[in-house]
Amino acid sequence: MLELNNLHARVVPEDGAAREILKGLSLAVPAGEVHAIMGPNGSGKSTLSYVLTGKHGYEVTGGSATFEGQDLLTLEPEARAALGLFLSFQYPIEIAGVPVMTFVRTAMNAQRKTRGEPEVSAPDFLKLSKIAAAKLRIDPEMLKRPLNVGFSGGEKKRLEIYQMLMIEPRFMILDETDSGLDIDALKVVAEGVNALRGPTRGMLVITHYQRLLDYIKPDRVHVLSAGRIVKSGGPELALELEKSGYDQFLKAG
Amino acid sequence: MQLADLPSRRSEAWKWSDLRAAMAGQEGVVTGTAPIDAEGPISALAQAMDDAYGPSALDIVAPGETFETRITEGDAAQYGSVIVRAGATATLVERAGVSGSRLRPFLPSFSRIEVEPGATLHRIVVQTNDVGTGQADAAIVLNEAVVKLGQGATFRQFVLGEGAKLARIEISVDAVEGAQVELNGVYLASAKRHIDMTSRVAHRGPGIQSRQLVRGVARKGGRGVFQGKFLVERAGQKTDAEMAHNALLLEEGAEVFSKPELEIYADDVACAHGNTAGQLDEDAVFYLRQRGIPDVEARALITRAFVMEAVPEWVGVDLYAEIEQRIDTWLGTRA
């Protein structure tokens, strides 16, 4: 479903020199699978999520990234979203003056328009929203407030997953979704994420810690170090990392 | 009066809005005008135009209803006064629209407003300019109000300004004990448009509350000016005042000038002011695009939300919708 081949990318800050972050990353996530990317700070985890979604300031210098055979790298961010790519942000952005529900409905309809599908009707939207909010134990009043403005870190993460449930993307990238969540919130969020698992969907779970993977069980685990995958394995690899740390792989990388 | 009598950029109050330069080509109006008195140039020009073109539209004494005045297209002016009697409530809507066929539209307006003790006045100024017409580029719009508030009176104002060759919406408020003042505004400066919002609130008695929120956006070749002054006299104890002006420069080559001023002589007051001018947050734009909202729409959505925060609900459903529509049209999200 998602295939990355020898991907090289650099971050280009507005002021300052470009730095190469991804140095030949190869990875394949077949439909129906959940892959975890683990790695120490600075290994390129967030860069990977931004490169895949097309954020400004990130430049691909080599290799390829395809989604169901289609070249992702030439597409605008909104076109990638319409294909079904969804990023749960590590630091969700506050948008003043735009209520959560207005925002989500605008996003859903924009994607549908791009795909040539009819808009979601108001009653259908409200029904879906009610179900998603209940699943994530979100106070419906919160959905009338401006997006993320004044929300706690945990509330913002829940809202990311709420958006995910509403948009029903085909491929999800979860960037440090566990950060800022206590154990109860983590379980609720994981339940929401697991609800979207299925044979036609894929998922990349980026995390620093093994904890999240207790609740979102990966099919494969990859260790990212210095911009490359240095080790891949089954779920047991995450447990091994938790026990003995990243050092062993850093040397290997 | 001669052209040389009009204030130019050398005058502090007009340093970003050079009236003399803008009025070149309107010598006929200027020379037919009496000398500038203590009320200033807008008063003199509006009075001269008003005398020339008919009766004043603003000599009204409000018994508690809505008044609407309209000056549009060609040469039209307002010069008059409004009194809202004690305890009464009134709404005043002033429109200055540029879209017609005159070569050099000149729309001056000057009003003297008195809100008696316990009375309430809501004033809405809608200065529109239909982009794309040549005469809209040449128009000059001047609107000044001098407002005197009685004890416990309430004055709320909202101004929408789309600018002109030179547009200045100016207000000066004198408040006494227990008065409440709100001065909000939105300006939209596209290419060849100049929009100036200048205000002054004098807090002359205790317990006055004043709030000001002006939001502006400017595109390449557009210019926004905000000059806001809060004066708190020695008698203005327990004044509670907040002033904010925030501008977004949407494109390279957009200009915004601002001068927020607090001048405080009382010692027991709460006065705050905030002033920002910046660009759209690209991280926010990316967030919206990642959710599937196209770039142009994402920018319009954020910008629209930014300016709409300054539009108060008290303007009423119809005007709120109209203002929203003007803003959307300006942003290009509605036909």
Side-chain angles (χ1 to χ4, degrees), chain A residues 13-14 49-50 52-58 75-100 102-115 117 146-149 156 159-160 162-164 166-170 172-173 175, chain B residues 158 184-186 188 213-217 244-252 274 276-313 320-321 323-324 327-328 330-335:
Chain A
E14 258 177 62
S49 69
Y50 290 143
L52 291 178
T53 48
K55 191 176 183 188
H56 52 95
Y58 293 83
L75 298 175
E76 295 292 333
E78 52 268 36
R80 301 183 199 197
L83 279 183
L85 214 56
F86 182 96
L87 171 62
S88 171
F89 284 68
Q90 183 177 5
Y91 303 108
I93 303 289
E94 297 182 4
I95 312 279
V98 183
V100 178
T102 309
F103 168 68
V104 175
R105 202 169 159 205
T106 306
M108 286 171 77
N109 285 334
Q111 291 198 15
R112 284 170 185 232
K113 193 176 165 192
T114 306
R115 294 194 293 258
E117 297 165 9
L147 186 68
N148 291 328
V149 178
K156 288 179 184 174
L159 263 226
E160 291 291 287
Y162 163 80
Q163 293 177 48
M164 205 165 97
M166 295 297 289
I167 291 172
E168 296 188 297
R170 302 182 51 219
M172 292 144 272
I173 303 164
D175 189 3
Chain B
F158 174 77
N184 280 18
V186 166
L188 311 166
L213 175 61
V214 175
R215 291 268 164 99
V217 287
H245 164 249
N246 313 102
L248 274 182
L249 304 163
L250 296 182
E251 291 165 357
E252 201 72 37
T276 61
Q279 292 168 345
L280 271 183
D281 176 2
E282 289 299 324
D283 285 345
V285 174
F286 173 68
Y287 187 88
L288 268 62
R289 294 178 75 189
Q290 205 301 303
R291 295 297 184 251
I293 301 171
D295 187 53
V296 174
E297 283 172 45
R299 287 172 195 280
L301 188 71
I302 299 169
T303 310
R304 173 186 200 277
F306 170 81
V307 293
M308 284 306 291
E309 282 191 310
V311 184
E313 282 181 13
Y320 191 92
I323 291 161
E324 202 171 23
I327 289 168
D328 281 351
W330 193 86
L331 288 168
T333 50
R334 273 191 212 176

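On a predicted model such as this, the values are computed, not experimentally measured, just so you know. Convention: sequence-line order gives letters A, B, ...; per-chain numbering from 1.
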Fill in: For Thr53(A) against Gln290(B), the heavy-atom pair lying closest together
CG2-NE2, 3.6 Å
Item to complete: Give me the ring orientation class for Tyr50(A) and Phe89(A): parallel if the planes are under 30° apart, tilted from 30 to 60°, perpendicular past 60°.
Response: tilted
Practice prompt. Against chain B, label Ile95(A) side chain, backbone, both or neither, depending on which of its atoms sit under 4.5 Å from a heavy atom there.
Written response: side chain
Worksheet item: Between Glu309(B) and chain A, which part of the residue has a heavy atom less than 4.5 Å away: side chain, backbone, both or neither?
Response: side chain
Worksheet entry | Contacting region of Leu83(A) [heavy-atom separation from chain B under 4.5 Å] | neither
Worksheet item: Just by distance, do the side chain of Gln111(A) and the backbone of Arg291(B) share a donor-acceptor pair under 3.5 Å?
Response: yes
Discussion item. Whether Glu282(B) and Arg299(B) form a salt bridge (side-chain N of Lys/Arg under 4.0 Å from carboxylate O of Asp/Glu) is what I want to check.
Written reply: yes
